[in-house]
Colleague: 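Dumping the structure here so I can ask a few things about it.
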Amino acid sequence: MERTRGIPLHAKILIGLVLGAICGSIGQALWAKDDTFVWTVANVMEPIGTIFMRMLFMIVVPLLFSALVMGVMEIGDARKVGRVGLLSLLMTLLLSGIAVGIGITAVNLVKPGEGIDHSKVSTAMPSSAAKDAEKAAAKAKESREKKPADYVLEMVPTNPVKSAAEAMDGGLFALMFFGIVFGLAMSKVDAEKSLPVKQFLEGLFAVSQQVIEFALRMAPYGVFALGFKTTALLGLDALGALGKYAILVLVALAFHQFVVYSLAILTIAKRSPLEFFRQIRTVMVTAFATSSSNATLPTALKVAEEEVGLPRDISSFVLTVGATANQNGTALFEGITVLFLAQFYGIHLEVGQQVTVMFLSILAGVGTAGVPGGSWPLIAIVLLNIGVPVEGIGLCIGIDRILDMSRTVLNVTGDITIAACVTKLMGGKVQDVPEEALA
Ligand code: ASP
């Protein structure tokens with residue numbers, strides 16, 4: 001995130017949240033029933049917050065489509081690279097699945113979003129959030145009435161343009177399905193013929209990232225308004241829940257980083273986890289500092305070859321594809337955030353809906369741009385699809401910087417872990433690895 005007038009943007013966003021929450025809580029304590037205060041919340045704070053959120057929504061379809069098609073196309077190319085591609089794909093699915101599983105279990109055990117007075121939420125919630133809550137109830141009812149075959153059929157679109165138009169309203173899976181088919185088809189077509197489409201998608205992806213950048217510049221004001229509105233309705237309970245959520249995310253990320261990756265390194269790559277983490281420390285620090293997998297890629301490539309001793313052909317392929325397509329930290333974070341917000345708004349998600357969140361979070365790991373805050377548009381769309389009020393993300397964005405820095409460390413560590421495992425599975429052609437690095 002860039003600096004604006006001396007103060008870094010992420011600090012401005014945090015200041016926006018804290019100020020908004022303080023003003024909203026004071027307002028709630030003093031004028032909860034005052035007409036002018038209620039009017040200000042509904043006619044000033046809510047619209048400002050909504051405009052900020054819509055800046056994120058408007059870019060979801062182009063961003064998701066371009067990122068997914070390019071990710072799948074690269075994985076499709078991977079099949080040409082043969083076993084390396086297949087092994088990386090399997091490892092990606094395995095590690096992302098475990099990551100989301102950890103996130104979802106943790107949030108169900110700790111329930112950081114519970115303890116909020118939901119009677120206040122539903123009676124005091126202004127229009128848009130109340131509508132979302134109604135939608136959630138309708139969705140839950142609908143999902144109880146569906147046959148299993150209906151879910152499968154809904155995923156295959158008859159008209160992808162229609163699915164895109166309905167992406168915020170249940171069309172997401174169908175659009176993703178189309179993206180996957182399109183990406184696979186692109187990897188089969190003669191490279192010269194598909195080049196203009198590829199260049200167009202690359203351009204679309206870059207422009208979409210710029211729109212996220214614009215939205216983030218508005219974030220301090222949007223987050224102020226959303227923080228104000230939420231605490232004006234709920235008081236400081238909201239901030240307590242937010243604190244618990246942040247700690248839970250950090251603990252779950254640390255578990256995946258140090259337990260799951262260590263086990264993979266020890267049992268599959270047959271290396272010493274301690275030594276491995278020591279070798280990649282520069283990569284972890286760079287990821288933490290930049291909050292961006294893409295920005296960390298050059299360092300990751302250098303370290304994988306020079307410090308970890310992985311063969312260049314394997315590591316460059318796995319790391320380049322992984323920077324976009326393998327984001328375990330992000331997948332884990334998205335699962336926790338969606339379920340936390342459902343708890344926060346008192347929305348009960350059926351098992352089927354939780355499974356949907358799991359799938360969407362794994363896919364979102366593929367579709368998320370490796371840039372700071374890249375996960376937010378996808379979280380917004382997952383929330384919309386399962387009917388949880390999206391404005392809740394305004395609160396979470398307020399404290400996102402530290403969570404973003406931390407999940408990015410997992411995203412890149414995951415890529416190098418996969419590269420090390422795939423190297424071993426391919427027959428362990430490892431170059432100049434120091435003796436003590438091998439378990
Ligand atoms: N910042 C993350 C990355 O670049 C993406 C995200 O989760 O927001 O890997």
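Whatever order the structure lists them in is the order used to number ligands and atoms, beginning at 1. Throughout, residue positions are numbered sequentially from 1 according to the sequence presented.
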Colleague: Output every pair passing side-chain hydrogen bond (donor to acceptor under 3.5 Å, both in side chains) with a member in residues 55-71, not counting sequence neighbours, ordered by first then second residue.
Modeller: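 Listed once each, the pairs would be none.
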
Colleague: If you define the side chain from C-beta out and look only at heavy atoms, does anything of E305 sit under 4.5 Å from L310?
Modeller: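 No. Closest side-chain heavy atoms not under 4.5 Å.
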
Colleague: Any chance you could lay out the ring-ring contact (aromatic ring centres under 6.0 Å, His included) test for F258 and F277, step after step, and finish with the verdict?
Modeller: CA-CA 9 Å; F258 296 113; F277 286 125; 5.5 Å; yes

Colleague: A cation-pi test, strictly: NZ or CZ of R407 under 6.0 Å from the centre of the six-membered ring of F333 and no more than 45 degrees from its axis. Yes or no?
Modeller: yes

Colleague: Determine yes or no for a side-chain-to-main-chain donor-acceptor pair under 3.5 angstrom, with Y245 supplying the side chain and V107 the backbone.
Modeller: no

Colleague: Donor-acceptor check, side chain of D400 to backbone of C396, threshold 3.5 angstrom: yes or no?
Modeller: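 A pair under 3.5 Å: no.
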
Colleague: Please tabulate protein-ligand N/O pairs under 3.5 Å for ligand 1, atom names and distances to 0.1 Å.
Modeller:
from     : atom 1 : to   : atom 2 : distance (Å)
ligand 1 : 1 (N)  : S291 : O      : 2.9
ligand 1 : 1 (N)  : V371 : O      : 3.0
ligand 1 : 1 (N)  : D404 : OD1    : 2.7
ligand 1 : 1 (N)  : T408 : OG1    : 3.2
ligand 1 : 4 (O)  : S293 : N      : 2.8
ligand 1 : 4 (O)  : S293 : OG     : 3.4
ligand 1 : 4 (O)  : G370 : O      : 3.2
ligand 1 : 4 (O)  : V371 : N      : 3.3
ligand 1 : 7 (O)  : T330 : OG1    : 2.6
ligand 1 : 7 (O)  : S375 : OG     : 2.8
ligand 1 : 7 (O)  : R407 : NE     : 2.6
ligand 1 : 8 (O)  : G374 : N      : 2.9
ligand 1 : 8 (O)  : S375 : N      : 2.9
ligand 1 : 8 (O)  : S375 : OG     : 2.8
ligand 1 : 8 (O)  : R407 : NH2    : 3.1
ligand 1 : 9 (O)  : S293 : OG     : 2.5
ligand 1 : 9 (O)  : N411 : ND2    : 2.8

